[in-house]
Amino acid sequence: MKLKKYTDIGLKAGTAALLAIALILTFTVSDYYIFNRIGEFNFVFVLSQWVKKAGLLLLPLAVFYKKKSCSDIAKYVLPPFVILSCGLFGKFFDITMLTGASNADEVYAHINEFIPKAANMTLYFIECVLYLGICAFLFVRDGWKVNGKSFIWLPFALVACMPLNIFENFFDISDFSRSHFLWFKNFTIWHFLAILILAGFTIGSYYFLKTKSKEKQHEFLAAAAIVLLIQYHSKDSMVMGDGYNVYHTVFACIPLFICNIGVYVASISVLLKKRFLYAISFFVHAAGALTVFVYFGKDEMSNYGIFCSYSILYFCLTHCLLFALSVLPTALGHYKYRHKDCLIPLAYYFGVIIIASLSSALVSSASMDFTYNGYTLQDGEWLKPNYAFTQVNPLPFELPMWKLTIWRYDLNALYIIGLYAAYVAIFYAMNGAYFAFLAIRKRVLKPKETPLVAIGLSPETQADAQAEAAATEETSQDEEKV
């Protein structure tokens with residue numbers, strides 16, 4: 001019993017440390033720089049780094065959710081690739097961006113490379129030791145025997161954690177202009193395709209999960225949350241290396257865009273099953289994710305590239321996962337949204353707007369003094385992080401200026417107030433659509449009729465179907481009271 005206890009403690013502590021170090025390493029240029037330059041680096045090394053990314057999904061599921069299939073894959077697949085990555089790193093730690101085309105580029109690159117090479121190497125090899133140690137503990141906990149069917153999930157893990165810039169090995173983005181057919185802009189075929197993917201992914205996920213037990217549903221949602229966090233943090237390295245959209249400094253990695261915060265809120269709500277987090281995700285972040293899919297802002301303020309470049313793949317994948325994780329817990333009956341649940345999200349979003357506005361102004365003001373090698377940034381080179389769209393109006397019209405000076409930067413107070421009011425209106429519109437759907441469903445389905453989700457369920461999941469029926473009936477009663 002003591003061995004089992006100590007093994008569990010070692011697994012959880014080791015996995016937590018591994019995830020923390022993996023997060024820090026995303027703030028190095030080299031972390032994702034290699035994946036769209038396979039020809040410049042050892043193919044086996046690049047593959048080993050990809051497999052290690054998949055390990056960041058497999059190990060939490062194996063350790064915290066005790067998924068035997070993930071444990072089987074991790075024990076036998078991860079160790080050889082981790083060992084290979086320790087010997088084939090080549091010039092991985094020497095990747096630098098301090099060869100900019102201009103003085104301003106070198107100032108930004110110097111800021112981005114705030115983690116020294118020695119620290120990068122130290123953390124990298126500690127991470128490798130943790131991978132191997134966790135796998136050893138899994139052997140102790142689960143033994144040597146494996147189920148061959150477990151490895152069916154390996155391709156899914158690799159695809160889920162795929163470095164999205166890997167497709168850039170097959171084209172040079174500089175060969176495409178903004179007028180090219182493949183360029184992603186508002187209201188093009190690629191824009192409408194993205195909206196269809198969002199709808200298809202969410203609806204497909206619902207129908208895939210609705211016939212499963214609540215426990216299985218939670219496990220799949222937890223896996224999706226982990227994938228979202230892994231893919232979201234790939235942006236850290238990309239921003240500092242090749243850039244993401246119009247952003248190219250580490251300051252763009254500060255999670256003060258509304259959907260960036262939503263990544264954490266939606267993921268943690270699923271992992272911890274906290275009601276107030278479910279409410280914030282459903283009321284605020286579902287609408288936020290949907291809004292930016294419908295309208296990406298003025299084309300001149302975006303630089304997504306062609307449809308298969310990193311920026312658009314990253315945007316579509318993370319926002320699809322964010323929207324799904326915001327609405328599926330409610331759709332599947334894990335959480336029942338009520339009118340009064342909008343109070344905390346409204347206060348939360350107000351706080352986000354205030355903090356984002358202040359932070360945007362402070363970063364812009366501070367950047368006026370950024371210096372490297374005797375050169376100080378000039379007007380026009382100063383940073384505009386635009387957290388939560390507080391600095392740049394994405395709409396094709398301007399508002400009168402109500403100047404609000406924070407340090408050395410002028411914000412438009414009228415625009416920020418309007419931004420908050422507009423998003424609150426969108427949140428309530430989404431909320432109204434949800435209750436309208438419930439009202440229509442109430443009239444289509446008879447009160448005593450067997451819910452559709454119960455059709456074809458196995459005996460062990462009938463209890464979940466009955467619970468959903470009870471939740472539906474209770475929701476209908478709440479609507480009548482309102």
Side-chain angles (χ1 to χ4, degrees), residues 24 26-29 31-33 95-116 173 232-261 263 292 296-305 310-311 314-315 318 352-395 398-399 401-413 415-416 419:
I24 296 171
T26 62
F27 291 99
T28 58
V29 173
D31 194 38
Y32 273 81
Y33 186 85
I95 294 171
T96 177
M97 300 301 294
L98 283 175
T99 53
S102 69
N103 289 327
D105 290 334
E106 293 198 353
V107 173
Y108 294 137
H110 175 67
I111 293 170
N112 288 341
E113 297 184 25
F114 65 97
I115 298 181
I173 192 61
Y232 167 72
H233 280 291
S234 70
K235 185 184 70 174
D236 304 337
S237 179
M238 287 298 300
V239 161
M240 296 184 290
D242 295 321
Y244 160 70
N245 198 359
V246 296
Y247 301 104
H248 53 276
T249 73
V250 69
F251 293 97
C253 301
I254 299 173
L256 285 175
F257 297 91
I258 190 64
C259 289
N260 293 168
I261 304 171
V263 167
V292 292
F296 286 80
K298 293 178 288 191
D299 288 332
E300 59 267 26
M301 66 180 280
S302 299
N303 183 30
Y304 289 104
Y310 172 82
S311 289
Y314 164 85
F315 183 93
T318 55
V352 168
I353 288 293
I354 296 300
I355 293 172
S357 300
L358 291 173
S359 300
S360 295
L362 292 174
V363 170
S364 294
S365 298
S367 70
M368 297 176 187
D369 291 329
F370 286 170
T371 300
Y372 175 70
N373 201 24
Y375 181 82
T376 301
L377 294 181
Q378 304 298 309
D379 187 5
E381 298 171 341
W382 301 328
L383 294 179
K384 262 192 180 179
N386 194 30
Y387 300 131
F389 293 106
T390 53
Q391 289 178 295
V392 181
N393 181 355
L395 299 174
E398 298 299 326
L399 293 174
M401 182 71 172
W402 289 6
K403 188 165 69 172
L404 175 64
T405 303
I406 306 295
W407 193 1
R408 290 181 285 186
Y409 187 84
D410 295 333
L411 292 170
N412 188 343
Y415 165 67
I416 293 171
L419 180 70

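Atom set for the values below is all heavy atoms of this structure, side chains included, hydrogens, waters and symmetry mates excluded.
Applying the ring-ring contact (aromatic ring centres under 6.0 Å, His included) test to Tyr247 and every residue at least two apart in sequence or in another chain returns Phe257. For Tyr409, there are no ring-ring contact (aromatic ring centres under 6.0 Å, His included) partners at least two apart in sequence or on another chain. Qualifying side-chain hydrogen bond (donor to acceptor under 3.5 Å, both in side chains) partners for Ser360, counting only residues two or more places apart in sequence or in other chains: Thr390. Not counting sequence neighbours, the partners of Asp31 by the side-chain contact (heavy atoms from CB on, under 4.5 Å) test are Thr26, Thr28, Lys53, Ser237. For Tyr33, there are no ring-ring contact (aromatic ring centres under 6.0 Å, His included) partners at least two apart in sequence or on another chain. Qualifying salt bridge (Lys or Arg N to Asp or Glu O under 4.0 Å) partners for Asp236, counting only residues two or more places apart in sequence or in other chains: none. Partners of Tyr314 under the ring-ring contact (aromatic ring centres under 6.0 Å, His included) rule, at least two apart in sequence or in another chain, are Tyr244, Tyr310. For Ile406, the side-chain contact (heavy atoms from CB on, under 4.5 Å) partners are Leu358, Ala361, Leu362, Leu404, Leu411, not counting sequence neighbours.
Of all heavy-atom pairs spanning Asn112 and Thr249, the tightest one is OD1-CA, 3.2 Å. Of all heavy-atom pairs spanning Arg408 and Asp369, the tightest one is NH2-OD2, 2.7 Å. Minimum heavy-atom separation, Phe389 to Val292: CE1-CG1, 4.4 Å. When all heavy atoms are compared, the tightest approach of Met97 to Glu113 is N-OE2, 2.5 Å.
Pairs of residues two or more places apart, or lying in two chains, never qualify as salt bridge (Lys or Arg N to Asp or Glu O under 4.0 Å) while including a residue from residues 370-384. Applying the salt bridge (Lys or Arg N to Asp or Glu O under 4.0 Å) test to residues at least two apart or on different chains, none of the pairs has a partner in residues 244-261. For the salt bridge (Lys or Arg N to Asp or Glu O under 4.0 Å) condition, no pair includes a residue of residues 243-253, sequence neighbours left out. Pairs passing the salt bridge (Lys or Arg N to Asp or Glu O under 4.0 Å) check and including a residue from residues 354-365, sequence neighbours excluded, do not occur.
Checked by atom type and distance alone, the side chain of Gln378 pairs as donor or acceptor with a backbone atom of Thr376 at under 3.5 Å.
When each of Trp382, Phe251, Tyr375 is checked for a ring pair (Phe, Tyr, Trp, His ring centres under 6.0 Å) with Phe370, only Phe251 meets the rule.
Counting non-hydrogen atoms of other residues, nucleotides and ligands closer than 6.0 Å to CH2 of Trp402 gives a total of 12 or fewer.
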